[in-house]
Number of protein chains: 2
Amino acid sequence: MKDNNDMPGHLARRFQQISVAVFLAEVEDAGFDLTPVQYAALATIKANPGLDQVTLAGLIAYDRTTITGVIDRLVQKGLAERRPSSRDRRARELEITDEGRRTLRKITPAVESAQRIMLRGLSAKEGEELMRLLRKAIAAGNELSRAPLRDAQL
Amino acid sequence: MKDNNDMPGHLARRFQQISVAVFLAEVEDAGFDLTPVQYAALATIKANPGLDQVTLAGLIAYDRTTITGVIDRLVQKGLAERRPSSRDRRARELEITDEGRRTLRKITPAVESAQRIMLRGLSAKEGEELMRLLRKAIAAGNELSRAPLRDAQL
DNA sequence: TACTGATAGTCAGCATACTGATCAATAAGA
DNA sequence: TCTTATTGATCAGTATGCTGACTATCAGTA
């Protein structure tokens with residue numbers, strides 16, 4: 001009988017479960033209310049001002065139908081803006097607000113602390129190796145999910 | 001600027017995303033309709049007949065509020081049964097049905113195939129190392145999520 | 001230019017996950 | 001034994017994620 005602990009899928013789920021819990025706890029301790037998904041979206045909007053939702057989805061490997069709700073909540077919190085694109089009337093251009101910029105800046109230490117805590121059982125070398133192996137497995141499986149990672153077309 | 005690819009949390013999410021997609025695709029190809037979560041729950045019920053929902057949750061590290069819905073769906077599909085415990089009138093005892101047993105048996109090749117596909121970018125040695133590091137990181141962070149892994153109290 | 005196919009965004013519906021609350025029942029203590 | 005704390009299960013509410021469908025728009029082509 002194969003144990004759960006021999007199933008990469010089970011280990012993936014568990015590691016992700018812990019990493020989300022750690023992220024939320026650190027961010028809340030810092031006095032903010034932002035999910036990992038919202039953080040990644042906001043940071044990516046800041047790094048790519050004016051990008052549309054499909055491009056954003058590709059850059060962080062979210063499904064496009066998930067993005068809609070995430071942006072809704074960022075807009076509702078006053079951290080991002082969504083406005084119609086002038087070049088393509090189907091598309092919406094995304095911008096970070098000053099409030100969003102402030103939040104990102106203040107929240108960064110908590111986010112970095114969370115990344116350390118997730119790996120606290122591993123040595124520095126092991127942590128690097130884990131990330132390398134995850135990147136490699138992810139690269140090989142990129143096209144297998146509905147929401148693969150995509151470079152921006154600029 | 002720290003890249004997403006340097007964030008273990010982001011890599012965890014992405015690996016989990018791919019592993020769920022692979023699992024569902026393999027299982028559907030085999031002609032079944034069972035999620036990773038439902039599979040883990042069903043296999044654990046089979047291995048521990050008559051266990052209650054809290055024990056099940058602990059064995060696979062699910063939140064107890066999530067288990068309710070998962071069992072609902074297993075029962076609705078005729079794969080498991082939920083009946084009041086004779087020893088503790090608060091608790092429900094879980095049993096796998098014959099249909100559930102049959103499903104588990106027939107679905108196993110697809111599940112194992114899925115585990116291989118998730119790691120297809122890695123050598124056998126790298127796959128082992130990835131699982132070892134995940135297990136180690138998970139063990140250190142076990143208590144950090146609301147749904148830690150727990151041994152059965154038997 | 002009219003048609004066809006592809007694309008951006010949204011929506012309904014379903015399945016995890018979590019927070020925090022509630023209810024019933026049990027266990028532990030004074 | 002009476003009281004109190006704890007526990008098993010569920011529920012309401014919220015946030016990912018996905019499938020599949022739909023509208024509006026755009027792009028390529030006959």
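Order of the sequence lines sets the chain letters (A, B, ...), proteins ahead of strands, with each chain counted from 1.
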**Q** Can you tell me which nucleotide in C/dT26, D/dA9, D/dA15 comes closest to the side chain of B/Arg90?
**A**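 Per side-chain heavy atoms of B/Arg90, the pick is C/dT26.
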**Q** Distance from A/Glu93 atom CD to A/Asp52 atom CG, nearest 0.5 Å?
**A**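 A/Glu93 atom CD to A/Asp52 atom CG measures 8.5 Å (nearest 0.5 Å).
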**Q** Taking atom CD of A/Glu143 as the centre, does the number of heavy atoms from other residues, nucleotides or ligands within less than 6.0 Å exceed 12?
**A**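 Enclosed: over 12 neighbouring heavy atoms sit under 6.0 Å from CD of A/Glu143.
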**Q** If only side-chain N and O atoms of A/Arg64 are considered, is one of them under 4.0 Å from the OP1 or OP2 phosphate oxygen of D/dG17?
**A**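 No, A/Arg64 has no side-chain N/O under 4.0 Å of OP1/OP2 on D/dG17.
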**Q** State whether A/Gln38 places a side-chain N or O below 4.0 Å from either non-bridging phosphate oxygen (OP1 or OP2) of D/dT16.
**A**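 Affirmative; the distance criterion is met.
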**Q** Using a 4.0 Å heavy-atom cut-off, does B/Gln16 contact any base of the nucleic acid, only the sugar-phosphate backbone, or nothing at all?
**A**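 Touches sugar-phosphate only.
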**Q** Which listed nucleotide (C/dA15, D/dG8, C/dG9) is nearest to the side chain of B/Thr35?
**A**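 Among C/dA15, D/dG8, C/dG9, the one nearest the side chain of B/Thr35 is C/dA15.
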**Q** Looking at the side chain of A/Arg82, which of D/dG17, D/dA9, C/dT10 is the nearest nucleotide?
**A**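 Nearest nucleotide to the side chain: C/dT10.
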**Q** Whole angstrom is fine here: how far is it from CG in B/Asp52 over to C1' in D/dT10?
**A**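 About 14 Å, once rounded to whole Å.
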**Q** Separation of B/Glu28 atom CD from D/dC18 atom P, in whole Å?
**A**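 Between P of D/dC18 and CD of B/Glu28: 15 Å.
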**Q** Checking contacts here: which listed nucleotide (C/dG9, C/dT19, D/dG17) is nearest the side-chain heavy atoms of A/Arg92?
**A**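 Between C/dG9, C/dT19, D/dG17, the one nearest the side chain of A/Arg92 would be C/dG9.
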**Q** Figure out the CZ/P separation between B/Arg87 and C/dA27, and round it to whole Å.
**A**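 Whole-Å distance recorded here is 11 Å.
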**Q** Would you classify A/Ala147 as touching base, sugar-phosphate or nothing, given that sugar-phosphate means primed atoms plus P, OP1 and OP2, and contacts are heavy atoms under 4.0 Å?
**A**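 Answer is sugar-phosphate: A/Ala147 comes under 4.0 Å of backbone atoms only.
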**Q** Evaluate the side-chain proximity of B/Leu130 to B/Phe15: yes if any heavy-atom separation is below 4.5 Å, no if none is.
**A**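 B/Phe15 vs B/Leu130: side chains touch.
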**Q** Find the distance B/Arg146:CZ to D/dT14:P and express it as a whole number of Å.
**A**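 Those two atoms, CZ and P, are 16 Å apart.
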**Q** Take atom CD in A/Glu28; do more than 12 heavy atoms of anything else shown fall under 6.0 Å from it?
**A**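 No, CD of A/Glu28 has 12 or fewer neighbouring heavy atoms, counting only those of other groups under 6.0 Å.
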**Q** Report the nucleotide, chosen from D/dT16, D/dG8, C/dT19, that has the shortest atom-to-atom distance to any side-chain atom of B/Asp63.
**A**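 For B/Asp63, the side-chain atoms sit closest to C/dT19.
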**Q** Within the structure shown, what part of the strands sits under 4.0 Å from B/Thr66 by heavy-atom distance: base, sugar-phosphate, or nothing?
**A**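 Here B/Thr66 touches the bases of the nucleic acid.
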**Q** Contact class for A/Thr65 vs. all strands (heavy atom < 4.0 Å): base, sugar-phosphate, or nothing?
**A**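 Base contact.
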**Q** How many whole angstroms separate atom CG of B/Asp33 from atom P of C/dT16?
**A**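 About 10 Å, once rounded to whole Å.
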**Q** Of all the choices, C/dT16, D/dA9, D/dA15, which nucleotide is nearest to the side chain of B/Val70 once you look at every atom?
**A**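 Nearest to the side chain of B/Val70 among the choices is C/dT16.
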**Q** Indicate, with a heavy-atom threshold strictly under 4.0 Å, whether B/Arg89 touches base, sugar-phosphate, or nothing.
**A**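 Contact class for B/Arg89: sugar-phosphate only.
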**Q** For a side-chain hydrogen bond (donor to acceptor under 3.5 Å, both in side chains) with A/Arg14, tell me which candidate from A/Gln17, A/Gln16, A/His10 qualifies.
**A**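 With A/Arg14 as partner, A/Gln17, A/Gln16, A/His10 yield a single side-chain hydrogen bond (donor to acceptor under 3.5 Å, both in side chains), made by A/Gln17.
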